[in-house]
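Worth knowing before you read on, the calculation uses all heavy atoms, side chains too, and leaves out hydrogens, waters and symmetry mates. Everything numeric in this text was worked out from a predicted model, so none of it was measured.
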Amino acid sequence: MYGRLTPAEAIRRREEREAEERERVEREAAGMSPEQRAAREEAAKEERRARIIAEHQALLKKEEEARREQQERDAKEAEERAIRDAEAAKLREEEEKLKAEARARFEEEAA
């Protein structure tokens, strides 16, 4: 499917982004004091956490939307099935009524 990643691809891409981010932080930290480096690394960790949380929330939202759409389809299908069942029951009743009338006429003619 277009735009859909397998779990393995998603993991690989996340690892690639994290590796690139670590390299960027290391390059930027080369001229910094240890305190500045530690603060920068902590900020990068927070960014990573925030991104992972955002990705997770987006995935949950997408799954919830898919679940809601499926429930709507199921409800619509159940409603259509109920209508068909009601119509079929009505036809069976009419058929039984006609058979009973025909049987009564036949018995009346036979008597």
- Counterpart residues, side chain to side chain donor-acceptor pair (under 3.5 Å), relative to Glu108 (two or more places apart): none

- Task: Applying side-chain contact (heavy atoms from CB on, under 4.5 Å), name anything that partners Glu46, two or more places apart in sequence or on another chain.
- Result: Glu42, Arg49

- So, the side chain of Glu9 versus the backbone of Thr6: is there a donor-acceptor pair under 3.5 Å, distance only? yes

- Message: Going by the rule side chain to side chain donor-acceptor pair (under 3.5 Å), which residues pair with Arg12 if we only count those two or more places apart in sequence or in a different chain?
- Response: Glu16

- salt bridge (charged side-chain N to carboxylate O under 4.0 Å, His left out) filter on Glu87, not counting sequence neighbours, yields none

- Between CD on residue Glu96 and CD on residue Glu94, distance to nearest 0.5 Å: 11.0 Å

- Does CD in Glu79 sit with more than 12 non-hydrogen atoms of other residues, nucleotides or ligands closer than 6.0 Å? no

- Message: According to side-chain contact (heavy atoms from CB on, under 4.5 Å), who are the partners of Glu93, at least two apart in sequence or on a separate chain?
- Response: none

- Query: What salt bridge (charged side-chain N to carboxylate O under 4.0 Å, His left out) pairs are there with at least one residue in residues 67-78, not counting sequence neighbours?
  - Reply: Glu64-Arg67, Glu65-Arg68, Arg68-Glu72, Glu77-Arg81

- Message: List the residues meeting side chain to side chain donor-acceptor pair (under 3.5 Å) with Arg51, not counting sequence neighbours, and say none if there are none.
- Response: Glu21

- Note on the structure: With sequence neighbours left out, the residues meeting salt bridge (charged side-chain N to carboxylate O under 4.0 Å, His left out) with Lys90 are none

- Only counting residues at least two apart or in another chain, list the ones meeting side chain to side chain donor-acceptor pair (under 3.5 Å) with Arg22. none

- Note on the structure: The side-chain contact (heavy atoms from CB on, under 4.5 Å) partners of Ile52 (sequence neighbours excluded) come to Arg14, Glu18

- What residues form a salt bridge (charged side-chain N to carboxylate O under 4.0 Å, His left out) with Glu63, not counting sequence neighbours? none

- Item | SB check Glu55 Arg17 (cutoff 4.0 Å) | yes

- Message: Among residues at least two apart in sequence or on other chains, which ones pass salt bridge (charged side-chain N to carboxylate O under 4.0 Å, His left out) with Glu95?
- Response: Lys99

